[in-house]
Each structure stands twice: as C-alpha cells, then as structure tokens.
Amino acid sequence: MIKDLLHAHVLEVINSLSLSHDKEFIIEIPNNTEFGDYSTNAALVLCKENKIAPKALAEKMIKELKKNKAYKKVEIAGPGFINFYLAPGMYQQAFWEIYKLEEYGRSEYGNQEKVLLEFVSANPTGPLNIVSARAAAFGDTLFRIMNYTGYAPAREFYINDAGNQVDILAESLELRLRELHGEKIGDFPYEAYHGEYVKHLAQRLNALEGSRVFMLTEKDRMDHLKEFALSELLEMQRSSLEKFGVTFEGWVSEKTLRMEGVVEEVLSYLTEAECTYEKEDAIWFCSTKFGDDKDRVLMKSDGSITYFVPDLAYHLTKIQRGFTKLIDVFGPDHHGYVPRIRAAFRALNYDDTMLEIIFLQQVNLFESGERVKMSKRAGKIVTMDDLISVVGKDAARYFFIARKANAHLNFDLELAMKQNNENPVYYCQYAYARICSMMKKARKEKVYPKHFKKDMITKLNKTEELALIQKLADLPELLILISIHREPHRLATYLEELAGMLHRYYAKYQIVSAKSVDLTHARLMLMHTVKHVMGICFELMGISAPEKM
RNA sequence: GCGCCAGUAGCUCAGUAGGAUAGAGCAGCAGCCUUCUAAGCUGCGGGUCAGGGGUUCGAAUCCCUUCUGGCGUGCCA
C-alpha cells in the first residue's frame with residue numbers, strides 16, 4: 001500500500017514533467033537498507049524513450065519529488081536509481097490504515113472470476129500417500145489465497161472409480177477374502193494391490209457379510225466387491241484430507257459421468273468435428289493436428305474407452321458449469337498428458353488458455369540417507385495419515401507449502417520423526433505465541449489499553465518498528481502476486497521474515513513496561529496488529545496459531 | 001533419440017515482469033536466561049548461483065550450448 005502511494009507520486013511527477021512512459025517502472029524495497037526505504041528504477045527505465053541520460057533524468061525527477069514533505073530524503077544512487085527515505089509519519093499513517101482493517105489484505109482483485117482448482121484426484125485404490133499430501137497442501141492454500149483476493153474458486157476431486165485399476169482392486173480384495181476363508185492362493189499376483197489395507201478391507205467385509213459374496217455370480221460379485229472397496233477407500237481418503245484441513249466443494253465420479261452419457265457425447269463431438277478415425281479396430285483422435293506429438297486412442301479395439309475420454313468429458317463439464325479458469329494440479333508423471341487435452345480443447349473450439357496445469361514435482365522419500373522407492377501396488381507407501389500422526393498437521397502442511405511447486409522435494413522420514421525445530425513453522429508459531437504472552441503480561445499488570453487510538457502511533461519511531469510496519473504494508477500486494485502466479489510458497493517466506501523481525505524486536509526492546517505506559521500502549525498496538533496479520537497468514541495456510549507453546 | 005522439469009552454502013530451500021555487496025533455516029564454532037516463553041537473540045566461518053558463450057548501463061533471473069539428475073515418450077490411469 002505504501003508502494004502504491006509512491007508509484008502514484010512518481011507517475012504524477014512524470015506527467016508534470018511531460019515525460020513519455022511507455023515502459024513500466026517499479027517501486028521496490030531494496031535489499032540493502034543503505035539504499036533507502038523504497039527505491040525506483042523509473043529514471044533507468046524511461047531514459048531511452050525520453051532521450052536523456054539516466055542520471056540527469058533522475059535529478060530532474062528528484063527535484064519535483066522533493067516538493068512532497070512526506071519524505072525525509074530523496075536521492076539519486078548508482079546508475080540512476082531514485083531512493084526514498086520516508087519520514088516516520090508516512091509509516092504511521094499506513095499503520096493506522098492496516099490496524100483499522102479486520103480482513104487486512106483482502107481484495108477484489110480477482111473480480112469473482114470462477115476458478116476451478118482440481119487437485120489430489122488420486123485413484124481410490126488405496127490410502128493417500130505423501131505426494132497427495134503435497135498436492136492437498138498446495139491446492140488448498142492456493143484456494144484460500146485466491147478466495148481472499150477476490151476470486152471465486154472451487155476445489156474439486158475427480159474420482160477415478162471406473163476402469164482397469166478398480167477391477168484389479170476388486171480382484172485383489174476377492175483374493176484376500178478367499179485367503180481369509182482358508183483358501184490357498186499361492187503367490188499374490190504381481191499386478192494386484194499388495195498393501196495391508198486390502199487385507200483390512202477383506203476382514204471388514206467378512207465381518208459384515210461372511211461368505212455371502214461367494215454365492216453371487218461372477219459379475220455381481222465383482223460389482224459388489226468394487227462398490228464396497230471404493231466406498232471404504234474413498235471414505236478413508238476423505239477423512240485423511242479432512243484431518244489435513246482440506247475439504248472439497250465437489251467430488252466428481254468418473255462412473256457417474258459415464259452413466260450420465262457424457263462420455264458418448266464427447267466422442268460424438270469429436271467425430272462431428274471430424275477429428276477421429278478408425279485404425280486397427282480402435283478409434284483414434286488425430287491430436288497431432290492440434291499440437292500433440294502423436295495421435296491418441298479414444299476407444300480400444302476391445303470396445304472399452306481410454307482414461308482420456310471421460311477425463312476430457314469431465315473438463316468440459318467444468319466449462320459448462322461456468323468456470324472460466326481450470327487449474328489442474330498434477331504430478332510430474334502426467335506432463336505427457338497435457339498436449340492431448342489441449343489438443344482436444346482446440347479441436348472442439350474451446351479456448352485452451354482457460355486450461356492451466358501446475359506440475360508439482362515429485363517427493364523423494366529418504367530413510368537414513370537412502371532413497372526409498374514408493375509403489376502403491378507393491379504396498380510400499382508412506383501414507384498421509386502416517387505423516388500427519390508423526391509430524392502433525394501444521395508442520396506437514398508448512399513443509400509442503402513452503403516449497404515452490406516445480407522443485408523436487410526431499411523428504412527424510414527420520415528427520416521428520418525427530419519433530420525438532422528443523423521445520424520453520426515452529427519459528428513462526430513461536431513468534432505468535434510470544435505476542436500472546438506479552439499481552440497476557442500487559443493485562444496482568446494493567447497496562448493494556450481499553451482501546452487503541454490513533455495518537456498512540458506517534459510513539460512508534462524506532463527503526464525496527466518502522467520496518468515491521470513496512471513489512472505489514474507489503475502483504476496485500478504479495479497476496480495478489482501469489483494468486484496471479486499461483487505461488488503459495490511465497491506466503492511462507494513472508495511469514496518467516498515477519499516472525500524473524502518480531503523475534504529480533506522482542507529481543508532488543510522491552511515491550512511491556514509499567515514505567516512508560518504511553519510507549520507500552522503504542523507497542524502493544526503494534527504487537528496486536530502483527531499478531532492479527534500473522535493470524536491471517538496462518539489461516540490462509542491452514543495452520544493453527546497457538547496462544548502458547 | 002525426442003519432450004518436460006530441475007541444478008544456488010556441508011544439508012533443506014528462498015531469491016525470476018533483469019537491478020545495487022546473492023539470502024534464510026538447519027548443521028559447525030563463540031557468546032547471551034534473577035527481567036514480556038532460550039522452539040529465541042548476537043557474532044564468526046561457509047558460494048566460480050553446474051560449465052561455457054551471448055544480449056545490455058546491469059544477468060542467479062532472458063537467449064544459445066554442453067554436462068548432470070528426475071520424469072515422460074501404453075489400445076495404463
């Protein structure tokens with residue numbers, strides 16, 4: 001918000017000097033405090049189009065800028081930067097604006113655009129693993145921040161409850177069930193699901209229905225087993241996600257889509273658009289005409305359809321439901337899939353820029369320095385529930401949120417189990433708890449003001465205090481940038497920086513002191529606001545804000 | 001082979017509409033608790049931003065190229 005004021009002022013000066021300004025200049029906070037509180041590259045950026053040397057231009061602008069008394073100092077530096085040193089009054093004014101807002105940082109930037117965020121969408125053939133946990137933390141946090149910045153986002157989980165994998169699941173369950181009834185089944189098939197959870201499912205079904213399933217015909221039995229396994233596993237996934245603080249506005253079932261006939265519809269659309277052909281008894285989509293590197297099968301030679309068709313149908317329903325931005329959060333193994341979906345959008349005359357895919361890179365699991373390969377089929381996975389019970393929801397969410405999407409992520413189990421302060425979430429939460437503790441003390445010593453008033457602010461003039469205010473002032477713009485670039489990890493960085501400033505401030509100054517009540521009031525007002533802003537950040541990340549630790 | 005993503009301190013990672021002396025946490029070393037919580041603070045050490053070239057006032061960031069790693073390249077999902 002301070003940046004906006006400065007930007008407007010610089011623009012005003014540019015206009016008053018009748019300079020052309022086709023190129024965009026920026027206001028930034030220099031990483032070295034010697035270069036002022038804020039700085040602009042305006043003279044460097046605009047010198048060419050105005051045919052004037054950068055330093056001369058900067059001097060000219062500074063002369064005008066200095067007419068505003070809100071600056072302590074405005075000076076030229078380096079090749080032509082203009083550095084601003086603000087008088088405390090400007091920070092204090094900004095602080096008052098921040099203090100007054102209940103939902104500080106909320107904006108209407110997104111214009112209520114309907115955005116569909118699809119993430120996790122794991123096969124319902126087993127418990128959710130660490131990779132899904134990463135997707136859940138990422139997608140949910142992005143949802144919260146977009147919502148806060150004026151978009152109208154919705155979270156959705158696509159349930160892959162039809163097709164091959166589910167059949168294999170049912171077969172695996174049947175084998176375990178037979179085992180339970182004393183049948184010798186020999187080696188468990190390689191393709192089948194080996195995880196312990198299948199045994200648990202079998203036990204549960206056995207307890208409920210005994211051997212009744214075996215009376216059914218082959219087809220009825222498979223359908224029954226499928227239905228049972230799916231509902232159990234889906235519920236398991238839903239509850240894991242809920243424990244992780246993630247809920248979805250929608251759960252869309254592939255099976256349901258198929259029953260509604262949407263899939264045939266899509267096939268007919270593609271055929272009408274003359275984008276399909278028959279080859280080797282299969283029906284193909286000529287996706288190469290639309291930018292894919294090979295054509296894709298829609299219907300296999302055995303008459304069944306590929307995964308692609310219902311998934312495309314699903315994406316089209318998103319558009320039909322009025323969403324104008326479709327964001328898919330995918331694992332890295334799906335990137336080869338994107339060109340064909342885009343191709344289909346183009347083939348059907350949809351704007352494929354509506355579709356945006358975010359790739360989360362994989363999570364590499366380590367155990368005592370050794371890379372562990374995970375495989376759902378082989379039953380070797382670290383589940384999301386394991387993760388939550390071992391490191392806790394807050395630490396786990398933070399761990400995933402704090403890293404940008406397209407970076408590989410190394411996860412060391414032993415390290416996580418130590419549950420030490422390796423995870424910076426404690427650093428942030430501790431800062432919050434410390435503020436609460438100060439307030440408690442202030443109340444106990446009866447120096448906590450009934451109301452915070454504007455004139456208290458003038459006592460805030462220490463470098464550290466103004467720096468804290470500057471940091472607070474940065475949040476609204478940051479949240480918008482996070483929404484635009486889909487980079488929730490930057491909020492974690494912000495929170496760590498804010499927490500660090502708080503810790504240093506705390507160590508250097510006595511906040512609560514009965515000897516100087518006015519100063520205490522002013523500082524408590526600052527603490528109150530920092531706490532409030534940190535609370536907003538925690539909420540946006542789905543992490544709890546502890547009153548004490 | 002082709003395609004996508006990545007390579008920044010001992011480790012895990014920030015920094016990207018190009019900005020000034022590349023940052024943080026952990027680990028290491030040395031200090032700081034009779035005073036608001038030491039899950040904290042202060043200081044020290046630690047770097048050829050994978051290598052090379054280019055673009056320009058200016059590059060970790062943009063372009064080209066080489067190397068290394070991961071993933072993809074199913075009538076699987």
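In what follows, chains are A, B, ... by sequence order, proteins preceding strands, each numbered from 1.
Nucleic acid contact for A:Leu298: none, since no nucleic acid atom lies under 4.0 Å from a heavy atom of the residue. Among the atoms of the strands shown, only primed sugar atoms or phosphate atoms (P, OP1, OP2) are found under 4.0 Å from some heavy atom of A:Lys48. Base contact: A:Pro79 has a heavy atom under 4.0 Å from a base atom. Residue contacts shown for A:Ala77 include a base, since a base heavy atom lies under 4.0 Å away. Using a 4.0 Å heavy-atom criterion, one finds that A:Ser39 contacts the bases of the nucleic acid, with or without backbone contacts as well. A:Asp295 comes within 4.0 angstrom of no nucleic acid atom, judged by non-hydrogen atoms across all strands. Residue A:Lys548 is classed as a base contact, given a heavy-atom separation below 4.0 Å to a base. Heavy atoms of A:Tyr506 sit under 4.0 angstrom from at least one base atom. Among the heavy atoms of the strands lying under 4.0 Å from A:Asp333 are primed sugar atoms or P, OP1, OP2 only; no base atom is included. Heavy atoms of A:Asn41 sit under 4.0 angstrom from at least one base atom. In this structure, A:Gln429 reaches neither bases nor backbone, as no heavy-atom distance under 4.0 Å exists between it and the strands shown. A:Lys300 comes within 4.0 angstrom of a nucleotide base, judged by non-hydrogen atoms across all strands. Within the nucleic acid shown, A:Gln165 comes within 4.0 Å of sugar-phosphate atoms alone, with no base atom in reach, counting heavy atoms only. Residue-level contact check: A:Tyr509 touches the bases, meaning some heavy atom is under 4.0 Å from a base atom.
Relative to the side chain of A:Lys441, the nucleotides B:C71, B:C36, B:A77 differ in distance, and B:C36 lies closest. The side chain of A:Gln510 has B:C36 as its nearest neighbour among B:C36, B:A17, B:A77.
Interface remark: the A:Asn32 side chain does not form any donor-acceptor pair with the B:A22 base, using a distance-only criterion of under 3.5 Å. On a pure distance criterion of 3.5 Å, a polar donor-acceptor pair joins the side chain of A:His335 and the base of B:G3. At a cut-off of 3.5 angstrom, the base of B:C75 holds at least one donor-acceptor pair with the side chain of A:Ser301.
Between A:Lys3 and A:Glu477, at least one side-chain N (NZ, or NE/NH1/NH2) sits under 4.0 Å from a carboxylate O, which counts as a salt bridge.
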field: A:Ser301/A:Asp281 under side chain to side chain donor-acceptor pair (under 3.5 Å): CA gap, chis, key distance, verdict
entry: CA-CA 5 Å; A:Ser301 48; A:Asp281 296 329; 5.9 Å; no

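Side-chain nitrogen and oxygen atoms of A:His489 include at least one within less than 4.0 Å of the OP1 or OP2 phosphate oxygen of B:G15. OP1 or OP2 of B:A20 sits under 4.0 Å from a side-chain N or O of A:Asn31. In this structure, A:Lys294 does not reach the B:C2 phosphate: none of its side-chain N or O atoms is under 4.0 Å from OP1 or OP2. Listed pair A:Lys404 / B:U16 fails the phosphate criterion, with no side-chain N or O lying under 4.0 Å from OP1 or OP2. The shortest distance between the side-chain N/O atoms of A:Arg434 and the OP1/OP2 oxygens of B:A38 is below 4.0 Å. Within the structure, a side-chain polar atom (N or O) of A:Asn406 is placed less than 4.0 Å from OP1 or OP2 of B:A6.
The ring of A:Phe81 does not lie on top of the base of B:G19; it is either too far (5.5 Å or more) or too tilted (30° or more). Both geometric conditions, a ring-centre gap below 5.5 Å and a plane tilt below 30°, are fulfilled for A:Phe35 over the base of B:A20.
A cation-pi arrangement is absent between A:Arg397 and A:Phe400, since the terminal nitrogen or guanidinium carbon is not both under 6.0 Å from the aromatic centre and inside a 45° cone about the axis. By the 6.0 Å and 45° rule, A:Arg443 stacks over the aromatic ring of A:Tyr448.
By the 6.0 Å contact criterion, CD on A:Glu445 is enclosed, its count of non-hydrogen atoms from other residues, nucleotides or ligands being greater than 12.
For the pair A:Met439 and A:Asn160, both in contact range of RNA chain B, the more 5′-proximal nearest nucleotide belongs to A:Met439.
Here A:His7 and A:Phe25 bring their ring centres to under 6.0 angstrom of each other. In summary, the aromatic rings of A:His334 and A:Phe359 are positioned with their centroids too far apart to meet the 6.0 Å limit.
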